[in-house]
Amino acid sequence: MEKQNTMPNKKAIFLDKDGTLIRDVPYNADPSKMELLAGVADGLRQLSTLGYTFFVVTNQAGVAKGYFREEALAGVEDRLQQLLSDSGVTLAGFYYCPHHPEGAVQAYTKRCHCRKPMPGLLLEAAVMYGISLGDSWMVGDILDDVEAGNRAGCKTVLIDELRHERKKPLDGYRHPAYIADNFSEAANLILKNT
Ligand SMILES: [Mg+2]
Ligand SMILES: [Zn+2]
């Protein structure tokens, strides 16, 4: 009989991109404008020693709104991998939602389950890579990231450098397990609570 191992046993950290890993430039798909935020490379390197696999999960409504083509996101992913590889960090996957309910490009204009705060991107990665969501984390800079992480059954860290997001109602799925002021602090919180 064929031996099967279907128990998800990998642990992941799901990472928002804009405002979490790189400086937030609204609707940017130009690789030359991408800049890693302070503490990201070091933080991820530390976390990788704990056996975490990294996935980007990002809303890219610029596709639905017609600001850039879906194909442009390959260049964004490549640039991000390149920026991180200088520090010895690799992303196992780059998941994006190109949709928006009020888009300009018909093919991408819809309500979907992959646009955060819905957890579709995390669930898709989990199935594909055999990830145990309860042992995994979502890190992001807005409450929609927190909600997506909680809906997927992950632990969550909100990076709230400007201290605005934490003043909104933190109810239901929008309650982060931890709040950090920057990426280094978020990484330390995960290190301490793994
Ligand atoms: Mg963000
Ligand atoms: Zn979507």
Side-chain angles (χ1 to χ4, degrees), residues 13-30 33-41 43-44 54-74 76-77 79-80 83-84 91 93-128 137-152 154 156-168 170 173-174 176-187 189-190:
I13 299 179
F14 298 102
L15 300 153
D16 168 58
K17 179 170 74 68
D18 300 308
T20 299
L21 297 180
I22 66 173
R23 193 167 56 89
D24 193 6
V25 179
Y27 300 113
N28 178 54
D30 177 355
K33 291 190 180 142
M34 292 170 61
E35 243 177 75
L36 280 187
L37 288 168
V40 167
L44 291 178
F54 303 124
F55 295 90
V56 164
V57 288
T58 176
N59 286 353
Q60 293 297 315
V63 176
K65 295 186 178 184
Y67 300 155
F68 51 84
R69 293 173 59 86
E70 184 173 357
E71 291 73 30
L73 291 171
V76 171
E77 177 183 1
R79 180 63 183 146
L80 187 55
L83 289 167
L84 291 171
L91 301 170
F94 181 91
Y95 287 79
Y96 59 86
C97 165
H99 310 118
H100 194 275
E102 289 131 40
V105 182
Q106 202 186 358
Y108 298 104
T109 299
K110 62 168 176 173
R111 285 192 188 285
C112 62
H113 294 286
C114 49
R115 180 173 166 78
K116 296 175 289 182
M118 297 309 283
L121 297 178
L122 290 79
L123 300 180
E124 191 186 335
V127 169
M128 196 83 129
W137 295 77
M138 172 76 214
V139 180
D141 67 324
I142 61 171
L143 293 178
D144 280 356
D145 300 315
V146 169
E147 180 171 345
N150 282 331
R151 282 184 181 276
C154 298
T156 55
V157 183
L158 173 69
I159 299 179
D160 186 26
E161 196 181 352
L162 299 175
R163 301 187 166 230
H164 289 156
E165 207 65 3
R166 71 188 72 179
K167 291 181 183 135
K168 297 176 183 172
L170 305 179
Y173 286 119
R174 297 175 80 77
Y178 302 95
I179 300 179
D181 286 328
N182 52 51
F183 198 92
S184 303
E185 211 180 297
L189 284 164
I190 295 173

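Both ligands and their constituent atoms are indexed starting at 1 by order of listing. In what follows, every heavy atom counts, from backbone to side chain, and hydrogens, waters and symmetry copies are set aside.
- Rounding to 10 degrees gives 110° for the angle at the Zn ion (ligand 2) between SG of Cys114 and ND1 of His99.
- Aromatic ring pairs are classed by plane angle as parallel below 30°, tilted from 30° to 60° and perpendicular above 60°; the pair His99 and Tyr108 is tilted.
- Between Asp141 atom OD1 and Asp18 atom O, the angle centred on the Mg ion (ligand 1) amounts to 100° (nearest 10°).
- The pair Asp144-Arg115 does not count as a salt bridge, with every side-chain nitrogen at least 4.0 angstrom from each carboxylate oxygen.
- To the nearest 0.5 angstrom, Leu158 atom CG is 5.5 Å from Ile179 atom CD1.
- Residue side and main chain included, Cys112 places an N/O/S atom under 2.8 Å of the Zn ion (ligand 2).
- Between Asp181 and Arg166, at least one side-chain nitrogen of the basic residue sits less than 4.0 Å from a carboxylate oxygen of the acidic one, meeting the salt-bridge criterion.
- When you scan the N, O or S atoms of Asp16 for the one nearest the Mg ion (ligand 1), you land on OD2.
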